[in-house]
Amino acid sequence: MLPEVTATRYVTPLREGGSLPGLVEADDLGTYVMKFTGAGQGRKTLVAEVLCGRLARELGLRVPELVRIWLDPVIGLAEPDEEVQELLKVSGGLNFGMDFLPGSLGFDPLAYEVSPEEAGRVVWFDALVNNVDRSWRNPNMLVWHNDLWLIDHGATLIFHHNWATARAAADRPYDASDHALAPFAPDIEAAAAALAPRVTEELLTACAADIPDEWLADEPGFADPDEVRAAYAGALAPRARTIHERITLGEPSKDRPSQAPGWLTGKGGDAK
């Protein structure tokens with residue numbers, strides 16, 4: 001199970017993301033980037049953060065430590081920003097946190113070189129979870145102590161917004177032409193050889209076990225949270241075996257508008 005901490009102080013909002021994550025201090029003296037259950041994208045964004053973050057770490061990719069953060073809404077009473085105050089008010093209970101990396105810089109392909117091997121592993125992983133939000137427009141990667149770190153996996157596992165599509169998700173192709181690491185000649189075949197055999201249903205089930213029951217409860221079509229967890233494993237395990245055959249690396253788009261779905265951009269209504 002992920003470590004659980006209690007938020008003791010809300011420091012500041014991080015307005016780069018549409019879900020309005022915030023920087024918080026916790027009772028373990030740590031500082032975390034916190035994403036809230038009451039944010040517009042809904043709890044499935046947090047589910048994706050936990051499952052994909054855990055899986056990436058198990059595969060040897062660098063992802064900051066993940067935690068569950070207990071939030072008492074009373075913290076929001078002293079916040080002058082009404083939007084933040086309302087977000088804290090409706091997010092009482094368990095929320096998602098990622099260790100804050102002080103002094104880290106946003107990834108810039110002109111300033112940081114990535115090997116074909118590492119680029120291949122990241123692209124292969126993003127193809128597995130169908131990450132639509134690691135493009136050159138918005139890399140969602142940090143450079144910390146001269147290493148590449150992956151953040152923000154809320155825009156993955158798109159099939160869980162419509163479980164009827166989960167079976168077909170295993171065969172869905174992945175266009176990596178606009179991926180932030182596409183210019184580094186990612187070695188997809190080597191990544192698949194190294195990582196695919198490790199993505200078993202057992203590993204996926206272990207990663208999904210860290211998702212709080214509260215975020216999986218009352219999912220239509222499922223009897224209980226464990227059945228939902230099994231569905232994630234059932235969708236991703238077969239995809240891992242063959243996704244490298246359906247990754248496209250073509251010419252990047254020049255000025256095409258973002259292909260992010262409506263639930264991510266906030267134009268498609270509530271994602272719950």
Verify, without hydrogens or angle tests, whether [X] (side chain) and [Y] (backbone) share a donor-acceptor contact under 3.5 angstrom.
X: S135; Y: R137; result: yes
X: D27; Y: T6; result: yes
X: D133; Y: N140; result: no
X: R134; Y: H153; result: no
X: R57; Y: V63; result: yes
X: E25; Y: T31; result: no
X: R198; Y: E58; result: yes

Side chains of [X] and [Y], heavy atoms from C-beta outward: is any pair under 4.5 Å?
X: M1; Y: R68; result: yes
X: V24; Y: I75; result: no
X: V67; Y: L2; result: no
X: R172; Y: I158; result: no
X: M98; Y: P21; result: no
X: P73; Y: L88; result: no
X: L157; Y: C52; result: yes
X: E201; Y: L236; result: no

Side chain to side chain donor-acceptor pair (under 3.5 Å): which pairs involve residues 87-96, sequence neighbours left out?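 Output for this query lists T37-N95.
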Listing request: all side chain to side chain donor-acceptor pair (under 3.5 Å) pairs with a residue in residues 73-84, at least two apart in sequence or in separate chains.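 Sorted pair list: R15-D81.
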State whether the number of non-hydrogen atoms from other residues, nucleotides or ligands found under 6.0 Å of R246 atom CZ is greater than 12.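 Buried by this count: over 12 neighbours within 6.0 Å.
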Give the minimum heavy-atom separation between [X] and [Y], together with the two atoms involved.
X: V199; Y: L203; value: CA-CD2, 4.3 Å
X: P252; Y: D178; value: CA-OD1, 3.2 Å
X: T205; Y: A233; value: OG1-CB, 3.9 Å
X: L20; Y: P13; value: CD1-CB, 4.1 Å
X: A235; Y: A170; value: O-CB, 4.2 Å
X: A176; Y: A182; value: O-CB, 3.5 Å

At what distance, to the nearest 0.5 angstrom, does [atom1] of [X] lie from [atom2] of [Y]?
X: L128; Y: L195; atom1: CG; atom2: CG; answer: 9.0 Å
X: Y112; Y: L148; atom1: OH; atom2: CG; answer: 5.5 Å
X: M141; Y: W149; atom1: CE; atom2: CH2; answer: 14.5 Å
X: L216; Y: K44; atom1: CG; atom2: NZ; answer: 9.5 Å
X: E4; Y: D28; atom1: CD; atom2: CG; answer: 11.5 Å
X: D218; Y: D224; atom1: CG; atom2: CG; answer: 11.0 Å

Before giving the answer on side chain to side chain contact (heavy atoms under 4.5 Å, CB included), spell out for I247 and E189 the whole-Å C-alpha distance, their side-chain angles and the decisive distance to 0.1 Å. CA-CA 10 Å; I247 297 175; E189 294 295 329; over 6 Å; no
Shared ILVMFWY cluster between [X] and [Y], side chains joined below 4.5 angstrom?
X: W144; Y: F100; value: no
X: L59; Y: L181; value: yes
X: I188; Y: V132; value: no
X: L66; Y: L23; value: no
X: I151; Y: L14; value: no

Given side chain to side chain contact (heavy atoms under 4.5 Å, CB included), test F125 with T156 step by step and report yes or no. CA-CA 11 Å; F125 171 76; T156 59; over 6 Å; no
Could you give the side-chain donor-acceptor pairs of residues 115-122 under 3.5 Å, partners two or more places apart or in another chain?
from, atom 1, to, atom 2, distance (Å)
S115, OG, E118, N, 3.1
E118, OE2, R62, NH1, 2.9

Give every donor-acceptor pair under 3.5 Å between a side-chain atom in residues 102-109 and any protein atom, sequence neighbours left out.
from, atom 1, to, atom 2, distance (Å)
S104, OG, L101, O, 2.8
D108, OD1, L110, N, 2.9

Over 60° means perpendicular and under 30° means parallel, so tell me whether Y232 and F159 are parallel, tilted or perpendicular.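 Taking F159 first and then Y232, their aromatic rings sit tilted (interplane angle of 30° to 60°).
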Could you go through the side chain to side chain contact (heavy atoms under 4.5 Å, CB included) check for L94 and L46 one step at a time? CA-CA 10 Å; L94 284 178; L46 308 190; over 6 Å; no
Going by salt bridge (Lys or Arg N to Asp or Glu O under 4.0 Å), name the residues that satisfy it together with D210, two or more places apart in sequence or in a different chain.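 D210 satisfies salt bridge (Lys or Arg N to Asp or Glu O under 4.0 Å) with R54 once adjacent residues are dropped.
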Given Y32 and D99, is the side chain to side chain contact (heavy atoms under 4.5 Å, CB included) satisfied, shown in steps? CA-CA 5 Å; Y32 299 94; D99 192 26; 4.2 Å; yes
Provide the full list of ring-ring contact (aromatic ring centres under 6.0 Å, His included) pairs with a residue in residues 167-222, sequence neighbours left out, each pair given once.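 Only W163-F222 qualify under ring-ring contact (aromatic ring centres under 6.0 Å, His included).
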